[in-house]
Amino acid sequence: MESIVKFLEKGQPYFDKVSKNIYLQAIKDGFLAAMPIILSSSVFLLISTLPGVVATVGGFTLPDWWNVDVVNFCNKVYNFTMGVVGIMVAGTTASALTGSKNRRMPAGKAINATSTMVAAMCAMLILAVTQTSAKIDGADVSVFFTDNMGTKGLLSSFVAAFATVNIYAFCIKRDITIKLPKEVPGAIAQNFRDIFAFSFSILFVAVIDVICRTCLAVPFANVISTLVSPLFAAADSYAGLALIWFMIPLFWFMGIHGPSVVKPALNAALFGNITTNLATLQAGGHPALALTENFGNYIGELGGTGATFIVPIIFLLFMRSKQLKAVGKASVVPVMFAVNEPLLFAAPIILNPYFLIPFLFNMSRTLSRDKIGPGPNDMGSGPLPISTLPRRPRRVFPTLVFAV
């Protein structure tokens, strides 16, 4: 371990340079600005999972008004907060990057942070969201697929923010703008000055969107998933499992939502293998396919990406640093329910070289170990690879079981 620390210390100047990169800082600051959305929405998510947890653990059901009215209300709040966090992060990241860019702009010239925020949010929607039509009450209406508006669209959020701010900087530096007489109020004049920059930003991402949908038949948000899918064709192996659950924290370490990049390409196998395992078990065989959704969730991702369940507890109980104790106190409950973004960005674990080794290798080591040597409730004798729970209880129940 000392040799690893010494190696990291030798690279400290490089890490310092990386940490001061304005784009990486914008990602971090933009995500932190959206943290109230994540923390507040998680409360409603926990409430909506209670019926499933109570039925599974306690063996009884809550009243119908709770199971229907309360759950529907909480789901609505969650969907309109965390469900659109990708749009918000595009705006907050653009605003943070604008602040850094303005410090490097020529004297007397500045980028309008509000305008870049709005432009980045519009650009993110173009890159991530698919529009189609459907019949509702017999009438053709335009509808949107909302899957990529949340954390799945974070890659699009960052690209939209970076592209928008740089196009704005290019236009303002070169006076590509509409100039109005000095008598025009400043607020109105500013809006006209941003017209060209806004239009060029939208046109740029629209071209990217057309290229992605024409060449790869997917929105930009799914491009990486489409490109890496051949790598996981033979993923149900020791090396394959290790690679998959190495790539997830690797993307997260760089500030990109790892599961949204890696897992979409594997969904067919992650859920199809459950059916195959169940059929094998019912036929009296041994369910040997480890590449299932719940095997990764239950075994590898205890406490979220990086298996961070114990980290906030360590911070809270054993660290002398007031900052780390505060992080532990703020993140311990969300991490119990596999919502570890507060921990990843506040500790921080993201872009922190001292957490690099355990964060990258913890999940791949655990999954490879349990594939090699199944134990109780693992592949050999338990239901993990042959069953699945509804999405949200699946995130809560296994964590409580392991906590006990």
(message) Determine whether a donor-acceptor pair (N or O, by modelled atom type, separation under 3.5 Å) exists between the side chain of Asp209 and the backbone of Val205.
(response) no
(request) State, to 0.1 Å, how close Ser95 and Met117 come at their nearest heavy-atom pair, and which atoms those are. (result) CB-CE, 3.5 Å
(request) Could you tell me whether a side-chain N or O of Thr214 sits under 3.5 Å from a main-chain N or O of Ile211, the two making a donor and an acceptor? (result) no
(message) Minimum heavy-atom separation for Ile22 and Lys101, please, with both atom names.
(response) CD1-CE, 4.2 Å
(message) Run Phe359 and Thr305 through side chain to side chain contact (heavy atoms under 4.5 Å, CB included) and show every step you take.
(response) CA-CA 8 Å; Phe359 186 67; Thr305 300; 4.1 Å; yes
(message) Test your reading of the model: is there a side-chain donor-acceptor pair from Asn352 to the backbone of Ala347, 3.5 Å cut-off?
(response) no
(request) Can you measure from CD1 (Ile314) to OG1 (Thr308) and round to the nearest 0.5 angstrom? (result) 10.5 Å
(message) Tell me if a side-chain donor or acceptor on Thr81 pairs with a main-chain N or O of Tyr78 at a distance below 3.5 Å.
(response) yes
(message) Rounded to the nearest 0.5 Å, what separates atom CH2 in Trp245 from atom CD in Glu301?
(response) 7.0 Å
(request) Provide the closest heavy-atom pair for Phe198 versus Cys122 in the form atom of the first, atom of the second, distance. (result) CZ-SG, 4.2 Å
(request) Flag yes if more than 12 heavy atoms outside Lys109 fall under 6.0 Å of its NZ atom; otherwise flag no. (result) yes
(request) Please name all residues satisfying ring-ring contact (aromatic ring centres under 6.0 Å, His included) with Phe253, sequence neighbours left out, ordered by chain then number. (result) none
(request) Provide the closest heavy-atom pair for Asp29 versus Ala96 in the form atom of the first, atom of the second, distance. (result) CB-CB, 3.9 Å
(request) Please check if the side chain of Thr93 supplies one atom and the backbone of Val89 the other of a donor-acceptor pair under 3.5 Å. (result) yes
(message) Any side-chain to backbone donor/acceptor pair from Thr146 onto Met149? Under 3.5 Å, distance only.
(response) no
(message) Looking at every heavy atom in both Val327 and Ala346, which two are closest together, and how far apart are they?
(response) CG2-O, 3.7 Å
(message) If I take atom CG from residue Asp194 and atom OG1 from residue Thr177, how far apart are they, to the nearest 0.5 angstrom?
(response) 7.0 Å
(message) Just checking Phe246: does its CZ atom have more than 12 heavy atoms from other residues, nucleotides or ligands closer to it than 6.0 angstrom?
(response) yes
(message) Any heavy-atom pair between the side chains of Gln131 and Val143 that's under 4.5 Å?
(response) no
(request) Taking the side chain as every heavy atom from C-beta outward, state whether Phe170 and Phe200 have any atom pair closer than 4.5 Å. (result) no
(message) Please check: side-chain N/O of Asn362 versus main-chain N/O of Pro358, any donor-acceptor pairing under 3.5 Å?
(response) no
(message) For Tyr168 and Ser115, which I'm curious about, is there any donor-acceptor pair between the side chains at under 3.5 Å?
(response) yes
(message) Which heavy atom of Ala94 sits nearest to which heavy atom of Ala120, and what is that distance?
(response) CB-CB, 3.5 Å
(message) If we ignore hydrogens and angles and just use 3.5 Å, is the side chain of Lys325 paired with the main-chain N or O of Met319 as donor and acceptor?
(response) yes
(message) Using a 3.5 Å distance criterion without hydrogens, assess whether the side chain of Asn148 forms a donor-acceptor pair with backbone atoms of Ala128.
(response) yes
(request) Evaluate the side-chain hydrogen bond (donor to acceptor under 3.5 Å, both in side chains) criterion for residues Thr130 and Arg213: first the C-alpha distance (whole Å), next the side-chain angles of each, then the deciding distance (0.1 Å), finally the verdict. (result) CA-CA 10 Å; Thr130 298; Arg213 293 179 189 272; 3.1 Å; yes
(message) Is the ring pair Tyr23/Phe162 parallel, tilted or perpendicular, if the boundaries are 30 and 60 degrees?
(response) perpendicular
(request) Could you tell me the separation between the CG atom of Asp140 and the NZ atom of Lys135, rounded to the nearest 0.5 Å? (result) 4.0 Å
(message) Is it true that Thr98 and Thr116 share a donor-acceptor pair across their side chains at a distance under 3.5 Å?
(response) yes
(message) As a quick check of understanding, evaluate side-chain hydrogen bond (donor to acceptor under 3.5 Å, both in side chains) for Ser142 and Ser133, giving each step before the final call.
(response) CA-CA 4 Å; Ser142 179; Ser133 60; over 6 Å; no
(request) List the steps, then state whether side chain to side chain contact (heavy atoms under 4.5 Å, CB included) holds for Val311 with Val335. (result) CA-CA 9 Å; Val311 176; Val335 167; over 6 Å; no
(message) Just verifying a value: how many Å separate Met363 CE and Met247 CE, rounded to the nearest 0.5 Å?
(response) 11.5 Å
(message) Taking Val218's backbone N and O only, do any of them form a donor-acceptor pair with Asn222's side chain (distance below 3.5 Å, no angle check)?
(response) no
(request) To the nearest 0.5 angstrom, please state how far the CH2 atom of Trp66 sits from the OG atom of Ser48. (result) 10.5 Å
(message) Quick one, Asn21 and Gln25 - any side-chain contact, counting heavy atoms below 4.5 Å?
(response) no
